[in-house]
There are 2 protein chains.
Amino acid sequence: MIVMRLSTKGRYGVKAMLDLAIHTSEGHIALKNIAERQEISEHYLEQLIATLRKAGLVKSIRGAQGGYTLAQDPSQTTVGEILRALEGSLAPVDCVVEDEPFECTNATQCVTKKIWEKVRDSINDVVDSITLQDLIDDYKKMNNNDGYMYYI
Amino acid sequence: MIVMRLSTKGRYGVKAMLDLAIHTSEGHIALKNIAERQEISEHYLEQLIATLRKAGLVKSIRGAQGGYTLAQDPSQTTVGEILRALEGSLAPVDCVVEDEPFECTNATQCVTKKIWEKVRDSINDVVDSITLQDLIDDYKKMNNNDGYMYYI
DNA sequence: CTAATTCCTACCTGATCACTTGGTTTTCAA
DNA sequence: TTGAAAACCAAGTGATCAGGTAGGAATTAG
């Protein structure tokens with residue numbers, strides 16, 4: 001049983017963005033290619049990337065030979081931005097969602113609120129500290145510079 | 001939209017444990033009283049406290065005038081123990097659940113795995129650093145020593 | 001033109017959360 | 001001894017939602 005988990009939206013979103021980042025030299029990439037490489041339903045990924053586009057994280061080119069590219073340099077996009085675009089707030093409970101304070105009605109609830117704020121902040125700190133460039137660097141290290149893809 | 005959220009199990013569990021801790025001088029406390037004070041369905045709370053009992057975090061006394069008490073000193077029980085007893089692993093994705101490594105089948109997935117490990121560890125660090133005694137101290141501060149209960 | 005591709009809206013389906021229902025068993029107090 | 005209070009137990013339920021499908025319209029390179 002896992003409860004405090006990300007949905008596939010966030011996970012697929014990060015995978016798709018990393019895929020785009022890795023294949024950035026190939027120009028714009030068709031959704032179909034990303035979906036195949038990352039083993040994600042193409043139609044489902046379409047919905048996710050639409051959200052990423054509206055959030056300004058990717059750019060699209062329509063029509064034949066169209067596709068997607070990152071909207072900015074990989075060092076400028078954090079995992080946190082991707083996750084929050086797709087998942088909304090990463091707060092563990094409603095009462096500590098940023099910008100939308102949910103009113104507490106109970107004293108012990110207010111005591112526990114401090115816990116959830118700390119959890120929320122630590123999650124955001126972690127994901128905001130990791131950029132797509134960091135992931136590319138890790139990916140290249142795993143690739144070990146010999147052309148063989150290690151599936152560790 | 002919040003996705004990485006705790007279920008009510010974890011939140012209710014912490015509230016119930018704090019309620020027990022605050023009323024510890026009254027001896028064992030009936031579930032009914034906790035449920036009323038914390039505004040939780042009594043039968044639902046019953047299921048949660050059964051889990052806490054099996055985890056060794058509370059003790060029960062059956063029969064009339066029975067009830068529950070903390071199994072150990074409030075300074076010895078962390079929020080993390082309560083949450084993991086009720087919610088299971090706090091890992092954000094399956095592949096980084098402690099003790100149950102879920103096999104990655106994809107190179108980019110393995111790169112992202114490092115993200116989820118960091119998130120998991122930071123969540124656990126936060127909740128393991130907070131004991132019930134810390135919550136009691138916060139509660140007493142809020143109470144402001146004048147007997148009036150502030151609902152901040 | 002046509003094939004490839006993005007974009008858009010709606011629908012579906014199985015799982016799960018947050019309970020509820022309806023008991024049985026144990027123990028205290030009168 | 002008996003009634004009530006309480007813990008304990010197992011199964012069902014209704015609404016919501018994650019994770020897709022389905023079906024097409026709009027756009028553009030060749």
Side-chain angles (χ1 to χ4, degrees), chain A residues 1-16 20 23 26-36 38-71 83 86-88 92-94, chain B residues 1-16 20 23 26-55 57-71 83 86-88 92-94:
Chain A
M1 173 181 51
I2 315 188
V3 172
M4 280 252 324
R5 67 160 158 263
L6 255 76
S7 73
T8 55
K9 286 179 188 166
R11 286 189 284 130
Y12 290 177
V14 173
K15 287 174 74 174
L20 273 181
H23 296 90
E26 299 164 29
H28 40 275
I29 313 288
L31 198 68
K32 194 184 170 191
N33 296 331
I34 305 174
E36 276 171 5
Q38 303 301 328
E39 297 174 353
I40 300 172
S41 151
E42 190 180 339
H43 255 68
Y44 186 45
L45 184 55
E46 192 180 300
Q47 294 169 38
L48 307 186
I49 210 154
T51 304
L52 294 172
R53 182 173 49 79
K54 285 165 195 161
L57 298 175
V58 303
K59 284 189 290 196
S60 66
I61 295 158
R62 299 191 66 171
Q65 319 311 315
Y68 295 91
T69 55
L70 294 182
L83 292 181
L86 290 165
E87 305 267 13
V93 304
D94 288 326
Chain B
M1 172 183 51
I2 316 186
V3 171
M4 281 253 321
R5 69 160 157 264
L6 255 78
S7 72
T8 54
K9 286 178 189 168
R11 287 188 285 128
Y12 289 178
V14 173
K15 288 174 73 174
L20 272 182
H23 296 90
E26 298 165 28
H28 40 275
I29 313 286
L31 198 68
K32 194 185 170 190
N33 295 331
I34 305 174
E36 275 173 6
R37 276 194 295 258
Q38 303 301 327
E39 296 173 356
I40 301 171
S41 151
E42 189 179 338
H43 258 68
Y44 186 46
L45 184 56
E46 192 180 297
Q47 294 168 38
L48 307 186
I49 210 155
T51 304
L52 294 172
R53 183 173 49 79
K54 286 165 194 160
L57 297 174
V58 301
K59 284 189 290 194
S60 65
I61 295 159
R62 300 193 65 171
Q65 321 308 317
Y68 294 92
T69 54
L70 295 182
L83 292 181
L86 290 164
E87 304 267 13
V93 304
D94 288 327

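Below, chain A is the first sequence line, B the second, and so on; all start at residue 1.
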Protein-nucleotide distance ([X], atom [atom1]; [N], atom [atom2]), rounded to Å:
{"X": "A/L52", "N": "C/dC7", "atom1": "CG", "atom2": "C1'", "result": "15 Å"}
{"X": "A/L48", "N": "D/dG19", "atom1": "CG", "atom2": "C1'", "result": "10 Å"}
{"X": "A/I40", "N": "D/dA18", "atom1": "CD1", "atom2": "C1'", "result": "15 Å"}
{"X": "A/L86", "N": "D/dG19", "atom1": "CG", "atom2": "P", "result": "12 Å"}
{"X": "A/L6", "N": "D/dC17", "atom1": "CG", "atom2": "P", "result": "17 Å"}
{"X": "A/L45", "N": "C/dC7", "atom1": "CG", "atom2": "C1'", "result": "14 Å"}
{"X": "A/Y44", "N": "C/dC8", "atom1": "OH", "atom2": "P", "result": "18 Å"}
{"X": "B/I29", "N": "D/dA6", "atom1": "CD1", "atom2": "P", "result": "11 Å"}

Scan side-chain atoms only and decide if A/T8 and A/Y44 contain a donor-acceptor pair under the 3.5 Å cut-off. yes
Under 4.0 Å, counting only non-hydrogen atoms across every strand here, what does B/L31 touch: a base, just sugar-phosphate, or nothing? sugar-phosphate
So, does [X] get its side chain near the phosphate of [N], meaning an N or O under 4.0 Å from OP1 or OP2?
{"X": "A/T8", "N": "D/dA18", "answer": "no"}
{"X": "A/S60", "N": "C/dC7", "answer": "yes"}
{"X": "B/Y68", "N": "D/dC8", "answer": "yes"}

For A/I61 and A/H28, the nearest pair of non-hydrogen atoms, with its separation, is CD1-ND1, 3.3 Å
Within the structure provided, determine whether [X] and [Y] are in side-chain contact (heavy-atom separation under 4.5 Å).
{"X": "B/L20", "Y": "B/T69", "value": "no"}
{"X": "A/L6", "Y": "A/E87", "value": "yes"}
{"X": "B/I34", "Y": "B/I40", "value": "no"}
{"X": "B/V93", "Y": "A/R5", "value": "no"}

Rounding to 0.5 Å, atoms NE2 (A/H23) and CD (A/E26) come to a distance of 5.0 Å
Classify every nucleotide of nucleotides 21-30 of chain C by which part a protein heavy atom approaches to under 4.0 Å, writing B for the base, S for the sugar-phosphate alone and - for neither, in 5'-to-3' order. BB--BBBB--
Would you mind telling me which of D/dG20, C/dT6, C/dA18 lies closest to the side-chain atoms of A/S41? D/dG20
Candidates D/dC8, C/dC7, D/dG20 - which lies nearest the side chain of A/R53: C/dC7
